[in-house]
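We use all heavy atoms of the structure for the numbers below, so side chains are in, but hydrogens, waters and symmetry mates are not. Quick note on labels: first sequence line is chain A, next is B, and so on, each numbered from 1.
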Amino acid sequence: MPKNLVIVESPAKAKTIEGYLGKDFVVKSSFGHIRDLPKGNKAIDIENGFEPKYEISADKKQVIKDLKKEVKSSKVVWLATDEDREGEAISWHLVEALKLKPENTKRIVFHEITKPAILKAIENPRGVNKNLVDAQQARRILDRLVGFELSPVLWKKVKQGLSAGRVQSVGVRIIIDREREIEAHVASSKFRVVGEFLTQAGKIVKAEGKKRFDSEDEAQAFLDACSTSSHTVKALETKPAKKQPTAPFTTSTLQQEASRKLGFSVQRTMSVAQKLYEAGRITYMRTDSVTLSDQALDGAASAIANNYGDEYCQRRNFINKNSNAQEAHEAIRPTDFGLNKHNGTSDQEKLYGLIWRRAIASQMADARLEKTTATIDVSNSSELFVAKGEVITFEGFLKVYLEGTDDENDDEAKGLLPAMTQGESMNRKTIIATQRFVNHPPRYTEASLVKKLEELGIGRPSTYASTISVIQNRGYIDMPERDGTKRDYRVLTLEGSELSSKTSTETTGAEKNKLAPTDIGIVVNDFLIEHFGDILEYNFTADVEKKFDVIASGQGNWQDMIKEFYNPFKVKVDDTLKNAERASGERILGVDPESGKQILVRIGRYGPMAQLGKADDEDKRFSSLRKGQTLESITIDQALLLFKLPRNLGEFEGKKVVTDIGRFGPYVRHDGKFISIKKDTDDDPYTLVLDRAVELIKAKRAADEAALLKVFEEDETVRIIEGRWGPYIKAGKTNVKIPKGEDYTTIDWERAQELIETNSKPPSTKRNRGKVKKK
DNA sequence: CAGTGAGCGAGCTTCCGCTTGACTT
């Protein structure tokens with residue numbers, strides 16, 4: 001029977017460690033936190049020094065039961081949870097929940113899951129650090145107080161079911177502040193000049209004009225001057241340069257790169273990484289550390305030497321730039337550098353490849369480059385052209401990996417410049433001046449928001465993904481697809497001595513997967529900033545973190561710290577509840593000329609809406625705003641249109657025909673059926689006439705008929721239908737995919753039943769818009 | 001991936017952080 005019980009947080013970790021320790025050890029997992037504050041408002045006894053009442057979480061009852069059994073049959077319990085604030089607290093909760101005796105309990109820590117690290121830890125046990133635990137309790141209690149005091153204020157003053165918190169509310173603010181910058185952005189443009197010249201040997205050199213001109217007239221004047229000018233190479237300079245690899249991945253940088261290079265959402269990155277971790281292929285994926293263990297450094301070095309040669313090896317230690325980092329783990333890296341591929345799903349293969357290359361590159365030599373700059377003059381002007389070239393003389397880490405960039409304007413393609421000599425005369429081929437607009441600052445992506453949060457020290461590796469989904473699920477933030485708008489720009493071309501000009505068109509502002517605030521997000525944010533500005537400050541978390549650090553170092557008492565925060569906070573909460581105006585984002589747009597009634601927009605029980613008639617009117621009417629409409633930007637004409645629908649067109653076959661606009665665009669409804677009105681047609685729900693609607697209904701019937709491939713006699717509600725992506729089975733309301741390569745004509749009743757059976761849909765992983773259901 | 005589409009409200013919502021599995025709308 002084992003005499004020693006080791007408890008860690010993760011079951012995958014437990015399995016690995018058990019392999020390192022002898023037969024006398026059994027290793028179990030706590031599956032993260034085991035106790036927490038209960039849900040209600042009585043979890044913290046505010047009058048009694050903020051005394052928290054903890055409760056074993058529902059899903060951990062069985063875990064505790066199992067652990068208790070193990071404790072009984074063990075002589076020594078080793079608490080091996082992570083060495084950070086949360087990990088220390090888990091150990092303390094384990095002591096409490098399992099009623100561990102000090103003489104049989106040892107606390108050990110390690111930062112890497114390697115055999116030497118674990119054996120060393122076993123030799124250096126300590127007790128639970130109560131100061132660190134207290135810092136965690138302060139963190140937990142502060143978050144509960146902030147969240148559970150602020151949220152009800154929002155229920156009362158804005159809308160039911162909303163939420164606020166130390167992390168999410170600042171996350172939303174970051175998006176909204178950026179949106180305000182974008183709104184304030186004034187379109188401006190400059191003319192950028194690019195010349196193509198020929199060397200004496202006839203090779204093309206592309207060079208950019210040093211100056212950008214403010215107006216077309218100035219650009220034209222310059223091109224005029226060029227048309228009668230000659231050009232020579234005025235200066236030629238070549239100097240060596242170096243590039244260094246970036247550190248191996250943390251959670252945050254993994255999410256960013258997987259977003260940039262693989263197009264993964266942060267949530268997708270984390271679940272793929274979890275699978276790789278469980279398969280034992282990568283180290284722990286929720287980490288803020290850039291450190292690699294000695295064992296890893298050796299592994300990387302030999303993999304690099306084998307794959308690329310000794311000259312590519314360079315051992316490096318990276319230092320964390322993130323001062324908030326708790327570094328309880330290693331950086332994210334392959335557990336075996338010898339394996340540069342992983343056989344799994346395609347997502348797993350891609351993410352593993354990325355992790356392997358990033359970690360390998362971090363231990364490789366600098367890349368060496370030669371940068372050449374040629375300056376070309378203009379005889380009739382003092383302006384200059386500059387040509388830049390770059391040659392890699394030694395690839396180093398670039399052989400494996402180059403970090404992606406968020407900069408959308410990064411279009412500098414550099415290569416080798418042709419041979420030139422100083423003073424060489426150049427023949428002008430073309431000079432083109434193009435009007436270029438200055439873009440507004442970019443909207444955040446999920447991953448760039450994570451980067452910003454990390455910089456501000458807000459949130460932890462384990463919460464970035466869930467914070468992103470919370471602010472979307474609450475309806476504060478959205479990812480609207482924008483088609484972009486067309487914009488004209490001017491192009492002036494000098495070819496030989498011929499000057500011409502034209503107007504071209506570009507699309508600007510097309511966006512996908514960019515975060516933008518909703519009306520509710522904006523109203524909530526403005527309200528919180530007005531009444532609780534200090535908590536909404538970007539550095540609120542950083543400031544309280546400093547106080548937690550004081551508690552952790554034993555220099556301060558957690559109750560005092562919480563009291564100092566809570567007392568004035570509570571006064572503000574009460575004052576706001578009593579005195580603050582309801583915040584609804586209300587805008588009175590004017591009066592409906594037809595009915596003479598007032599029309600306004602505001603946040604209603606179900607979100608943004610328009611209201612025709614005053615609050616005390618008997619026959620006031622309501623309508624939700626449509627997709628793309630916002631409280632701030634909707635016009636009275638647009639709002640009035642909302643009340644023109646639904647329109648009753650009359651009857652067909654004795655049933656009403658109605659047009660309206662739904663979540664998925666305009667439609668005609670007849671006899672319980674919906675017929676979408678297609679885009680890019682002249683049909684419009686506001687003007688559609690009955691005859692045309694009947695045509696649409698008949699066309700839809702014909703199309704449905706044509707798509708119907710088979711009806712099963714056994715049950716007429718089961719059919720095979722030709723869909724947009726090929727045939728599928730429709731059984732009542734559920735749709736069932738036909739496996740690839742299977743011919744639908746061969747599907748008989750039995751096979752159909754089989755497919756319906758096995759395809760009974762797994763729970764949708766799609767986000768719940770607006771509503772969050774509890775489990 | 002295929003379908004979908006209202007209601008202006010009678011009673012409950014919410015935090016952050018640590019971990020994995022999990023049902024029924």
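Checked against ring pair (Phe, Tyr, Trp, His ring centres under 6.0 Å), A:Phe110 has no partners two or more places apart in sequence or in another chain. For A:Glu330, the side-chain hydrogen bond (donor to acceptor under 3.5 Å, both in side chains) partners two or more places apart in sequence, or in a different chain, are A:Ser293, A:Arg333. Residues forming a ring pair (Phe, Tyr, Trp, His ring centres under 6.0 Å) with A:Phe148 (at least two apart in sequence, or on another chain): none. Taking the side chain to side chain contact (heavy atoms under 4.5 Å, CB included) definition, one finds that A:Lys452 meets it with A:Ile174, A:Tyr444, A:Glu455, A:Leu456, A:Tyr538, sequence neighbours left out. Qualifying side-chain hydrogen bond (donor to acceptor under 3.5 Å, both in side chains) partners for A:Arg701, counting only residues two or more places apart in sequence or in other chains: A:Glu653. Checked against side-chain hydrogen bond (donor to acceptor under 3.5 Å, both in side chains), A:Glu545 has the following partners two or more places apart in sequence or in another chain: A:Arg85.
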inquiry  = Just to be sure I follow the notation: if a pair is Watson-Crick (purine N1 to pyrimidine N3 plus N6-O4 or O6-N4) or a G-U wobble (N1-O2 and O6-N3), each under 3.5 Å, what dot-bracket string does DNA chain B give, with | for pairs to another strand?
reply    = .........................

Acceptor/donor pairs from residues 89-97 of chain A side chains to any protein atom, 3.5 angstrom cut, sequence neighbours excluded:
residue, atom, partner, partner atom, Å
A:Ser91, OG, A:Thr81, OG1, 2.6
A:His93, ND1, A:Arg35, NE, 2.9
A:His93, ND1, A:Arg35, NH2, 3.1

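With the nearest nucleotide of DNA chain B identified for both A:Thr463 and A:Glu278, A:Thr463 has the one nearer the 5' end.
Counting any heavy atom pair closer than 4.0 Å across all strands shown, A:Ser676 reaches a base atom.
Non-hydrogen atoms lying under 4.0 Å from DNA chain B are contributed by A:Gly459, A:Arg460, all within residues 452-460 of chain A.
Under 3.5 Å, the side chains of A:Thr251 and A:Arg286 contain no donor-acceptor pair of N or O atoms.
For the C1' atom pair drawn from B:dT13 and B:dG9, the interatomic distance equals 15 Å after rounding to whole Å.
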